Asks: 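I have a structure here, written as structure tokens, and I will follow up with some questions on it.
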Amino acid sequence: MRTNLCGELTQADIGRTVTVAGWVNRRREHGEHLAFVDLRDHSGIVQCVVDNTVDVRSEYVITVTGTVSQRPEGTVNENLATGQIEITEAEVTVLSTAEPPPFPLDERADDVDEMVRLRHRYLDLRRPRMQRNLRIRSQVNAAIRAAMVDQGFVEVETPMLMPTTPEGAREFIVPSRQRPGTFFALPQSPQLYKQLLMVGGLDRYFQIARCLRDEDLRADRQYEFMQLDLEMSFVEVDDVLSAVEVSVLDAAEAVTGVRPDPIPRMSWLEAMNRFGTDKPDLRFDMELVELTDVFAATEFKAFASAGSIKGINAIAAAADWGRNKLDGLTDTAKSFGAKGMVWLKVADDGSFESPVAKFLSETEQQELGKRLEANPGDLLLLIADEWHTTCEVLGELRNRMGRPPVSEGPFRYVWIVDFPLFVGVDAATGRPKAGHHAFCHPRPEDIDKLESDPMSVRAWAYDLVLNGWELGSGSIRIHDPELQQRVFTLLGIGPEEAESRFGFFLNPFKYGAPPHGGFAYGLERLAAILAGEENIREVIAFPKPQSGLDPMTGAPTEVEQSQLHELGLRVLPPPVD
RNA sequence: GGUCCCGUAGUGCAGUCUGGAGUGCACGCCGCCCUGUCAAGGCGGAGGUCGCGAGUUCAAAUCUCGUCGGGACCGCCA
């Protein structure tokens, strides 16, 4: 039907008779017998010189047969890849007519209400931006698959219909027709199956896996998303990180053409202390500065009782932050759990302008300025609280004060390692809560402390972070049933409950489970950052808005009574308030 | 479940604070003109439930309340 793509024609093709096919991007009429038609396909645009009696309009689907010709002098378009040439003596065949599109199919659609784009996604996809983003996704997939196969991994598909599991994210459930009243769950991840593949001797498994979680949607979260999921036998942390790193760097290089540097590692403790988060954005500094000892003997009541005091220096930001904005920032800090926030502006003479300056001694002020390297015009933000809250709140403030858009700046990957095995305490039971999941292996040198000091036990768990986004996480798993039960006991899960909740998963481990560990990372998140997009919807062909309702198909919809009957289901009337 | 922001021709906006007739602006669309344009140009035209519903008022796009839709975030996401 066609001999060439629109965007690939060059001066080397001059003189050739070609047929191209695509959509009419624009038509410019110049009288009875001359018009220019810009023909667009996924590869680009080429100008066709046609007789103006031909009736073609925007988005008509046509083929054009004609001669590739050098454009006359003075009519070359330097802004177009094919701007040196045009197709002359063009003969047009209309394959499909088209109504005018509801929004412009060029970069101007970047400003169009996203719902309009999503409602007509098939038109949005014609735009270069979306073509590029989906092709980036494809490049990422191809590079990852090649990297995994090359490293000896076996691609295995795991079931989409699986039992519900009590832990983790809310699941989508699917009613069973053959056993009315029972349900499958769609996988939050292939976690259970991939560990059983290790018991099954697959040695190295990977899957470009679809995961489904019935949680609220965000810029970086959809109901359904794709992960590179992998699991490896007879490995230690370094082996897993190395295998993942190869795939990520290969994918990044495939998209950007630049091989990123090897990914540095940072302990969870260091990340929290320096950046106030387990997903630090290393593209900018403004690190958290330790101040607890500075105020060890302070008279300032808000600081005197605090376990941890830290601060950040928003360099030269003082002028931008008036009283109202600072009050708003204080409210933000409080919404993240802080009891308050102290701000100090550095005046021209180096003194502090702050409601609390009068409560701080001369020595304290001097040391504070020194530690934060304060200069006139800087804005200092201080939080005093228990250590975890101090870090997290300042980490949030740091992001608000200095974080560039995702699309800017270099790609800064970092491994966060040595996560604590337990994070926080369950308010209801008083027991520690699993940080990653209940099957995560403690660091061997910390196992002695499991019962005596559980909160200090570090795990063989690790996250991969890129520009402040968590790409994924993984761990070395517990393969020893005795150690597993020790961890369960700490979590308040007795042997009987473990058997009833996780039996189908743990019993196989009695038959000879190899030491193993794995990882999974989100492909949309990686692709979005590589594409310079702030929102994963931009790298998904048919995403859902925050409501989770599909604006194009109308899903979810009601079903026929007969379908419900067959499934043994009845829909309750909506609750009346 | 919560906080904040947004909603005016097909699309992007001005108007809203400070109530006074939708001749509103640009792009797009339709018709005519136009032989070297490329976001072509010129002339003319069509196109509106100011998201929806109440309330206040002589009068509401504008003020108030509610509601629907969208976005960012908190909770949630082992």
Side-chain angles (χ1 to χ4, degrees), chain A residues 25-40 45-52 57-59 69 71-80 82-83 86 88 98-120 123-124 165-171 188-189 191-192 211-223 225 328 331-332 334-337 392 396 399-400 419 421-424 426 432-440 459 461 470 473-475 487 491 501-502 520 522 534-535 537 544-549 551:
Chain A
N25 197 59
R26 195 160 279 113
R27 167 200 180 102
R28 293 175 294 279
E29 298 182 78
H30 280 271
E32 199 179 351
H33 291 295
L34 177 66
F36 300 99
V37 169
D38 288 340
L39 189 66
R40 180 192 73 240
I45 287 174
V46 66
Q47 174 170 281
C48 309
V49 185
V50 304
D51 191 295
N52 203 6
R57 299 168 188 233
S58 287
E59 300 308 313
S69 307
R71 289 199 189 187
E73 203 177 334
T75 65
V76 166
N77 184 351
E78 300 290 352
N79 298 321
L80 202 59
T82 60
E86 61 192 0
T88 53
E99 293 181 15
F103 58 95
L105 300 187
D106 55 29
E107 66 282 354
R108 283 173 295 184
D110 293 343
D111 298 322
V112 169
D113 181 351
E114 192 181 356
M115 276 302 271
V116 175
R117 295 171 54 202
L118 291 182
R119 217 172 279 130
H120 305 276
L123 298 179
D124 195 32
T165 47
E167 305 290 300
R170 187 184 300 115
E171 299 166 313
Q188 311 161 32
S189 82
Q191 183 69 35
L192 306 181
C211 304
L212 299 106
R213 297 179 186 173
D214 188 2
E215 301 287 357
D216 289 355
L217 283 58
R218 291 285 162 76
D220 59 352
R221 279 161 36 187
Q222 286 273 305
Y223 281 151
F225 60 100
D331 290 341
T332 301
K334 286 178 178 170
S335 75
F336 284 94
E392 282 198 328
E396 186 62 37
N399 277 340
R400 300 207 173 209
F419 273 75
L421 189 64
F422 302 108
V423 172
D426 190 302
K433 294 187 289 187
H436 184 53
H437 58 54
F439 316 112
C440 181
E470 179 193 319
S473 58
S475 63
V487 172
L491 294 170
R501 283 168 66 178
F502 305 111
E534 304 277 338
N535 192 307
R537 291 192 296 271
K544 291 177 177 61
Q546 215 163 58
S547 64
L549 312 178

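These numbers come from a predicted model, not from an experiment. Just the heavy atoms: all of them, side chains too, but no hydrogens, waters or symmetry mates, feed the values below. We name chains A, B, ... by the order of the sequence lines, and we start the count at 1 in each one.
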Asks: Is the phosphate of B:G69, meaning OP1 or OP2, less than 4.0 Å from a side-chain N or O of A:Ser547?
Replies: no
Asks: Under the salt bridge (Lys or Arg N to Asp or Glu O under 4.0 Å) criterion, do A:Arg218 and A:Asp220 qualify, and how do the steps go?
Replies: CA-CA 5 Å; A:Arg218 291 285 162 76; A:Asp220 59 352; over 6 Å; no
Asks: Does the structure show a Watson-Crick or G-U wobble partner for B:C77, both distances under 3.5 Å? Name it, or say none.
Replies: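 Looking at the geometry, B:C77 pairs with no nucleotide.
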Asks: When both hydrogen-bonding distances must be under 3.5 Å and the geometry is Watson-Crick or G-U wobble, what is B:C43 paired with, if anything?
Replies: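 Paired with B:G31.
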Asks: Using the 3.5 Å cut-off, write out each protein N or O paired with an N or O of nucleotides 24-26 of chain B and the distance between them.
Replies:
none

Asks: Which letter, B, S or -, goes with each nucleotide of nucleotides 2-17 of chain B from 5' to 3', with contact meaning a protein heavy atom under 4.0 Å?
Replies: --------SSS-----
Asks: What pairs with A:Gln546 under side chain to side chain contact (heavy atoms under 4.5 Å, CB included), at least two apart in sequence or on another chain?
Replies: none
Asks: Assess whether salt bridge (Lys or Arg N to Asp or Glu O under 4.0 Å) is satisfied between A:Arg26 and A:Asp106, documenting all intermediate values.
Replies: CA-CA 11 Å; A:Arg26 195 160 279 113; A:Asp106 55 29; 3.6 Å; yes
Asks: Between C1' on B:C27 and CZ on A:Arg26, what's the gap in Å once rounded to a whole number?
Replies: 10 Å
Asks: For nucleotides B:G24 and B:C4, find the distance between their C1' atoms and express it as a whole number of Å.
Replies: 31 Å
Asks: NA contact type, A:Thr75, heavy-atom cut-off 4.0 Å: base, sugar-phosphate, or nothing?
Replies: base
Asks: Among the candidates B:A72, B:A39, B:C73, find the nucleotide nearest to the side-chain atoms of A:Arg537.
Replies: B:A72
Asks: How long is the span from the CG atom in A:Asp38 to the OG1 atom in A:Thr82, to the nearest 0.5 Å?
Replies: 8.0 Å
Asks: How far does the P atom of B:A9 sit from the matching atom of B:A61, given to the nearest Å?
Replies: 14 Å
Asks: Determine the Euclidean distance between corresponding C1' atoms of B:G10 and B:A46; express it in Å to zero decimal places.
Replies: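 To the nearest whole Å, 13 Å.
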Asks: Taking the same atom, C1', in B:C63 and in B:U57, what whole-Å distance lies between them?
Replies: 10 Å
Asks: Out of curiosity, A:Glu86 CD to A:Asn77 CG, how far, rounded to the nearest 0.5 Å?
Replies: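 It comes to 11.0 Å.
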Asks: Distances for protein N/O vs nucleotides 30-33 of chain B N/O pairs under 3.5 angstrom?
Replies:
unit_1, atom_1, unit_2, atom_2, d
B:C30, OP1, A:Arg57, NH1, 2.5
B:G31, OP1, A:Arg57, NH2, 3.3
B:G31, OP2, A:Arg57, NH1, 3.4

Asks: Are A:Asp216 and A:Arg221 within salt-bridge range, i.e. N to O under 4.0 Å?
Replies: no
Asks: Paired with B:G36: which nucleotide, if any, by Watson-Crick or G-U wobble criteria at under 3.5 Å for both distances?
Replies: none
Asks: Provide the distance between the two C1' atoms, one in B:U56 and one in B:C5, to the nearest whole Å.
Replies: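 Nearest-Å result for B:U56 against B:C5 at atom C1': 26 Å.
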Asks: For A:Val112, give me all partners under side chain to side chain contact (heavy atoms under 4.5 Å, CB included), at least two apart in sequence or on another chain.
Replies: A:Phe103, A:Pro104, A:Ala109, A:Val116, A:Arg117
Asks: When you measure from the side chain of A:Asp38, which nucleotide among B:C73, B:C29, B:C38 comes out closest?
Replies: B:C38
Asks: Assess whether one donor atom and one acceptor atom, taken from the side chain of A:Arg400 and the base of B:C73, lie less than 3.5 Å apart.
Replies: no
Asks: Name the closest nucleotide to the A:Asn52 side chain, picking from B:C34, B:A39, B:G36.
Replies: B:C34
Asks: For nucleotides 42-48 of chain B, list the nitrogen or oxygen atoms of the protein found under 3.5 Å from its nitrogen or oxygen atoms, one pair per line.
Replies:
none

Asks: Please list, chain by chain and in numerical order, all residues satisfying side chain to side chain contact (heavy atoms under 4.5 Å, CB included) with A:Glu78, sequence neighbours excluded.
Replies: A:Val76, A:Gln84
Asks: Going by side chain to side chain donor-acceptor pair (under 3.5 Å), name the residues that satisfy it together with A:Arg501, two or more places apart in sequence or in a different chain.
Replies: A:Glu167, A:Glu497
Asks: When you compare B:G20 with B:U67, how far apart are their C1' atoms, in angstrom units rounded to a whole number?
Replies: 28 Å
Asks: Could you identify the nucleotide paired to B:G69, looking across every strand shown and requiring Watson-Crick or G-U wobble geometry with both distances under 3.5 Å?
Replies: B:C6
Asks: Look at the side-chain N and O atoms of A:Asn535 and state whether any lies under 4.0 Å from the OP1 or OP2 oxygen of B:A72.
Replies: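 Yes, such a contact exists.
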Asks: Mind checking what makes side chain to side chain donor-acceptor pair (under 3.5 Å) contact with A:Glu396, not counting sequence neighbours?
Replies: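 Testing A:Glu396 for side chain to side chain donor-acceptor pair (under 3.5 Å), a comparison that skips the adjacent residues, returns A:Arg400.
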Asks: Kindly compute the distance separating OH (A:Tyr223) from CG (A:Asp214), expressed to the nearest 0.5 Å.
Replies: 5.5 Å
Asks: Between A:Asn77 and A:Asp220, name the one whose nearest nucleotide on RNA chain B is closer to the 5' end.
Replies: A:Asn77
Asks: Of all the choices, B:C77, B:G1, B:G71, which nucleotide is nearest to the side chain of A:Ala169 once you look at every atom?
Replies: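 The listed nucleotide nearest to A:Ala169's side chain is B:C77.
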Asks: Without decimals, in angstroms, what is the distance between A:His30 NE2 and B:U37 P?
Replies: 7 Å
Asks: Taking only side-chain N and O atoms of A:Arg28, does any of them lie within less than 4.0 angstrom of OP1 or OP2 on B:A40?
Replies: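 Yes.
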Asks: Would you compute the distance between atom CD of A:Glu59 and atom CG of A:Leu105 and round it to the nearest 0.5 angstrom?
Replies: 4.5 Å
Asks: For A:Ala219, give me all partners under side chain to side chain contact (heavy atoms under 4.5 Å, CB included), at least two apart in sequence or on another chain.
Replies: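 A:Ala219 satisfies side chain to side chain contact (heavy atoms under 4.5 Å, CB included) with A:Asn535 once adjacent residues are dropped.
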Asks: Expressed in whole Å, how much space separates the P atoms belonging to B:G7 and B:C13?
Replies: 9 Å
Asks: Rounded to whole Å, how long is the line connecting atom CG of A:Asn399 with atom P of B:A72?
Replies: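 So the CG-P distance, A:Asn399 to B:A72, works out to 17 Å.
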Asks: I need the CD-P distance between A:Glu99 and B:G28, as an integer number of Å.
Replies: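 Checked: the CD to P distance equals 19 Å.
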Asks: Using a cut-off of less than 4.0 Å, is there contact between a side-chain N or O of A:Gln546 and OP1 or OP2 of B:A72?
Replies: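 Checking A:Gln546 against B:A72: at least one side-chain N or O falls below 4.0 Å of OP1 or OP2.
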Asks: Can you figure out which of B:U35, B:C74, B:A40 approaches the side chain of A:Leu34 most closely?
Replies: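 Of the options given, the side chain of A:Leu34 lies nearest B:U35.
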Asks: Tell me if the CD atom of A:Glu32 is crowded by more than 12 foreign heavy atoms within 6.0 Å.
Replies: no
Asks: For B:G20, which nucleotide in any strand shown is its Watson-Crick or wobble partner with both distances under 3.5 Å?
Replies: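 WC or wobble partner is B:C58.
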Asks: How far, in whole Å, is B:G41 from B:G47 if one measures between their C1' atoms?
Replies: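 B:G47 and B:G41 have their C1' atoms separated by 23 Å.
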Asks: Atom CD of A:Gln47 to atom C1' of B:A40: distance rounded to whole Å?
Replies: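 Value for this atom pair: 11 Å.
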Asks: Using side chain to side chain donor-acceptor pair (under 3.5 Å) as the criterion, list what pairs up with A:Thr88, not counting sequence neighbours.
Replies: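 By the side chain to side chain donor-acceptor pair (under 3.5 Å) rule, A:Thr88 matches A:Ser69.
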Asks: From the options B:C29, B:U37, B:C76, select the nucleotide whose nearest atom is closest to the side chain of A:Glu215.
Replies: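 Per side-chain heavy atoms of A:Glu215, the pick is B:C76.
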Asks: Sequence neighbours left out, what passes ring pair (Phe, Tyr, Trp, His ring centres under 6.0 Å) with A:Phe439? Give chain and number order.
Replies: A:His437, A:Phe502, A:Phe505
Asks: Between the base of B:C77 and the side chain of A:Arg213, is there a donor-acceptor distance below 3.5 Å?
Replies: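 Counting by modelled atom types and ignoring angles, no donor-acceptor contact under 3.5 Å is found here.
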Asks: Rounded to the nearest 0.5 Å, what's the gap from CD on A:Gln188 to OG1 on A:Thr165? Could you check?
Replies: 4.5 Å
Asks: Under a 3.5 Å cut-off for both distances, is B:A26 Watson-Crick or wobble paired, and to whom?
Replies: B:U11
